[in-house]
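A quick write-up on the structure given underneath.
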Amino acid sequence: MPANRKYLTTSPWHKGAKIVSGILGGYIITALLHMIAALVLPFHKEILISSIFTMFIIWGALLIIPFLFKNGFKSLLLYILVIVLLYVVFTLVQQENPFVL
Amino acid sequence: MSNRNYNVFFNTHTVSGIVISVALYIIFFAGAFALFKDEIGIWEEGKKSTYTNRKDIDYDKLLATLNKDYDLSGRDVQIDLGKHEDKIYVYLLASQDSTATEKSKTAQFFSLDIHTEERKEYHEYYGIGEFLYRLHFFHQIPVIGIYLAGFVAIFFLFAIITGVIVHWKKIVSNFYTFNPKIALKRVWTDAHTALGIIGLPFQFIFAVTGAYFCLSILVLLPANFLYNGDQTKLLEDIRPERKTYVWKEKATEELPFFNDFIQKSDTFWNEFEFTSAFIRNYGGTNMKYVLQGELKDSERFVGLGRVIFDMETGLIKADKNPEELNYIEDTQRVLTRLHFGDFGGVFMKIIYFVLALITCFVILSGVLIWVEARNKKSMTLSQRLFTANIGHIYLSICLSMLPVTAISFLFIKLFGTRFTNSQSAIYYFYFIFWILAIFFMRFKRDNYKINKTSLLLGGITGVLIPIVNGIVYKQWIWTSVQERQYDILTIDMLWLSIGIISLLAYTKINEKVKAQSSFTKNPIDYKAVKLQLQEEEKSYQSKEQTIDKNFIAMRTKIIILWLTMVIGFIIHHVYGIANVYFQESLVLEGADGEIPGWAHQWRIILEGMAFLFAILTVEFAQKWFKWTSLIWAVLLGLFNVYHWITAMIYEMSNVSEILILFLMVVANIFLIKEILYWKSNKAISSN
């Protein structure tokens, strides 16, 4: 009972785009999220150390999302947009960095 | 969930599962034994192990000897105090003191017997336990092994999540209808789901913690950004016990006794056990003794404690109270505890062991579902052969681990002491034997037989292990009980149970089960395979005659690509000449109106030859011609890549030129690809 082929992506480019956005994009988003959380929330160091658990769980979830897209490049675009957005937020909140004080 | 999403999840679950399955099986199988790493070490040595309370060890005597042999002055000393035997593991870092002697400049690592003071290098005390522990994160593969294991863990997490999503609706009903008597595939899908769910929390823990241990660099990377690259400060914050101090100068007074320090530290808390000791800047004015330990796991799940003695102040103080939780330190301990199962004693380890083997079952049953579902009449023979072949190889690799591991235990127990370098002995024995076993089993081409053989061999050897230990070393199971050698007893009992269960399973599995496999109902006849494949190809070719509007005939493609090369070179020359518009002198140095010979050579070799091949491909299709074309295309490709790279290095600003050279590289790659395809003769009709 293999999965029904008619629902699956056949183009290797779309598949590749999904995998890249999941692995690379997923990691960058996860990393940025954790960095922002550690900067914004109270208990900075505690939040940071929690990432030993949450980093891989969130990454795992972000690995799956691109596969729900029909168009792999849309997922890539979305991930890139999110990365840009998070990066902007990160640079804003980074101005008061409690870790280097 | 929509039909589409369901199928998408199903497919990602299948693909990620199949890709990581073998690696994951090895990780869990080796990891299951790695839980008993320390016990296996003691079992292997077979000596009646004694256990001295860590506070009663004469550290000052040990340190004096080490100081004599290695000159500890200015070094950091790290000691792993061990848990089971009278052996500690010492790591001496290179001296920070610039005036120190030569022999203090090299790092050292060895095990140290606290009574005999016998030192053993890593490769000397390396045992099968250590080997399996290392195998469970592919440490035998240099550099990348551990990252490979980390990514397997990530994809394991992926497979777990998608698996739960896919099976969500069936989970409850399957749990209650778990019935081995229904058809074979039903059993596998049922058991796969049911056992997958039973082991789910355990597997989730291992996916997350395993990924962290192997890919901790990916967690440290963002943290490093936050610390602005100040790694020392970062590590001080998350691993306070690792804090180091800059060397000042040699102390003139006599060093305080470490024994006194540990005796005093021992009065701080009840039920506290020391696990590691650190000496910072040995013999310096700012020397520090650090002792780390934790409360017994019966007292608290995590209770890390640390005591520091500071030479400068002469004070002993508790740096971390084990009765008060510190989120930063204790979170990390929770993670290691969960992964290593070092709480709750042997009982917990046995539960972990069984759950690890259940996970192995889930992995393999998943592979078998995949193989079974892809052996249908409607599929082509080559497709079916491919899946069947993968099934045989996967099963051979995975199932042969049981007998190979068991026999390696026997081998190392009987002959381990004869090798000075036990590490390479184990490597050779385990890996060569494993490869032979894989080949032997794979060519049975029958999953049923592979399973039976591995169960029989593993079962017999498993039972033999405690018997050999009894006959050869007089260490029978009951002697271990009498002498309270519980570590040895654990390993003997473990193998005895594995052996008995394997033999029981061996007798229970019979041909009736096999009869329900799709490979019995729809068998592959390996003797007639070649003929059938040829027939299949013929019928396949006749079907392919339908007109594809996008189709370009093979040789047309190749001719176009050769001509593209020629055009590329022409554009390249035109760009060169075009420099005249920008008032660059076109006359090369030493030009005298004659075209020099080298210019002709290059013209012929590059555009001339490409032009020639374009023309010849119109008429020639012989084998030798295809070969010549291929060789020339590859040579031209190398030149084009070289040309492009040098252009990027020397004339980065000449963007249009670089683009043309890049396009030529692309065209060349296509050209090689097409000629390869042409040569392989798989191309249809249009030749």
Side-chain angles (χ1 to χ4, degrees), chain A residues 1-10 15 18-19 22-24 26-40 43-70 86-87 90-91 93-94 97-101, chain B residues 2-16 150-151 153-162 165-166 185 189 204 207-212 215-216 218-223 225-230 233-234 237-238 326-329 331-332 334-335 369-370 372-374 376:
Chain A
M1 110 262 54
N4 193 336
R5 295 262 141 216
K6 79 174 178 193
Y7 297 110
L8 304 180
T9 314
T10 44
K15 279 188 205 166
K18 288 178 191 180
I19 293 170
I23 295 178
L24 207 64
Y27 173 68
I28 297 172
I29 293 177
T30 319
L32 281 169
L33 274 178
H34 280 91
M35 284 153 80
I36 294 169
L39 287 170
V40 173
F43 304 110
H44 307 287
K45 282 178 191 169
E46 282 79 0
I47 297 288
L48 186 64
I49 202 68
S50 303
S51 63
I52 63 174
F53 285 104
T54 51
M55 183 74 83
F56 296 103
I57 297 176
I58 294 178
W59 191 11
L62 289 173
L63 216 51
I64 296 173
I65 292 172
F67 290 98
L68 292 176
F69 283 77
K70 276 204 181 94
L86 286 177
Y87 187 74
F90 171 70
T91 42
V93 294
Q94 198 206 11
N97 185 340
F99 293 99
V100 284
L101 289 178
Chain B
S2 77
N3 227 345
R4 179 182 172 270
N5 284 0
Y6 176 82
N7 280 283
V8 166
F9 282 132
F10 200 121
N11 192 247
T12 52
H13 179 67
T14 314
V15 174
S16 60
F151 277 100
I154 283 280
F155 286 106
F156 180 41
L157 185 66
F158 181 89
I160 292 173
I161 302 175
T162 48
I165 297 174
V166 167
K185 207 180 82 182
T189 39
F204 187 77
V208 172
T209 58
Y212 169 69
L215 298 173
S216 46
L218 292 181
V219 177
L220 287 174
L221 203 65
F225 264 107
L226 291 178
Y227 277 83
N228 248 337
D230 190 351
K233 188 158 181 285
L234 168 63
D237 277 353
I238 58 174
N326 170 324
Y327 186 82
I328 294 176
E329 285 188 54
T331 316
Q332 298 177 67
V334 167
L335 193 140
I369 293 168
W370 185 81
E372 278 287 305
R374 276 164 189 73
K376 285 186 196 141

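Any value given below was found using the heavy atoms of this structure, including those in side chains, with hydrogens, waters and symmetry copies removed. Here is the naming used below: chain letters follow the sequence lines, and residue numbers restart at 1 for every chain.
Proximity to chain A is limited to the side chain of B:F204, based on heavy atoms less than 4.5 angstrom apart. For B:I160, no part lies under 4.5 angstrom from a heavy atom of chain A. In this structure, chain A has a heavy atom under 4.5 Å from the side chain of B:L157, while its backbone stays farther away. No part of B:L220 comes within reach of chain A, as not one of its non-hydrogen atoms sits under 4.5 angstrom from that chain. Contact annotation for B:T12: only side-chain heavy atoms (C-beta onward) come within less than 4.5 Å of a heavy atom of chain A. B:N3 touches chain A through backbone and side chain together, each having a heavy atom under 4.5 Å away. For A:L39, the part sitting under 4.5 Å from any heavy atom of chain B is the side chain, from C-beta outward, and nothing else.
Under the 30°/60° scheme for interplanar angles, the aromatic rings of B:F151 and B:F155 are found to be tilted. Between A:Y27 and A:W59, the ring planes lie tilted relative to each other; the angle falls in the 30° to 60° range. Using cut-offs of 30° and 60° on the angle between ring planes, the pair A:Y87 and A:F90 is tilted.
Taking 4.5 Å as the heavy-atom cut-off, the residues of residues 46-55 of chain A that approach chain B are A:E46, A:L48, A:I49, A:S50, A:S51, A:I52, A:F53, A:M55, ordered by number.
The backbone N or O of B:N228 lies less than 3.5 Å from no partner atom in the side chain of B:K233, so there is not a single donor-acceptor pair.
Atom CD1 of A:I29 is separated from atom CG of A:L24 by 10.5 Å, given to the nearest 0.5 angstrom. Here the CZ-CG distance, from B:F225 to A:N97, works out to 12.5 Å after rounding to the nearest 0.5 Å. The distance from the OG1 atom of A:T30 to the CG atom of A:L62 is 4.5 Å, given to the nearest 0.5 Å. Residue A:L86 holds its CG atom at 12.0 Å from NE2 of A:H34, rounded to the nearest 0.5 Å. Rounding to the nearest 0.5 angstrom, the gap separating the OH atom in B:Y212 from the CD atom in B:Q332 is 5.0 Å. Here NZ of A:K18 is found 13.5 Å from CD1 of A:I65. Values are rounded to the nearest 0.5 Å.
Listed options B:I154, B:N5, B:I238, B:L335 were ranked by heavy-atom pairs under 4.5 angstrom with chain A; first place goes to B:L335. When each of B:T209, B:V219, B:L226, B:T331 is checked for heavy-atom pairs under 4.5 Å with chain A, B:L226 comes out on top. Your options are B:I161, B:V208, B:L218, B:T14, and the one with the most heavy-atom pairs under 4.5 Å with chain A is B:L218.
Checked against side-chain hydrogen bond (donor to acceptor under 3.5 Å, both in side chains), B:Y227 has the following partners two or more places apart in sequence or in another chain: B:D237.
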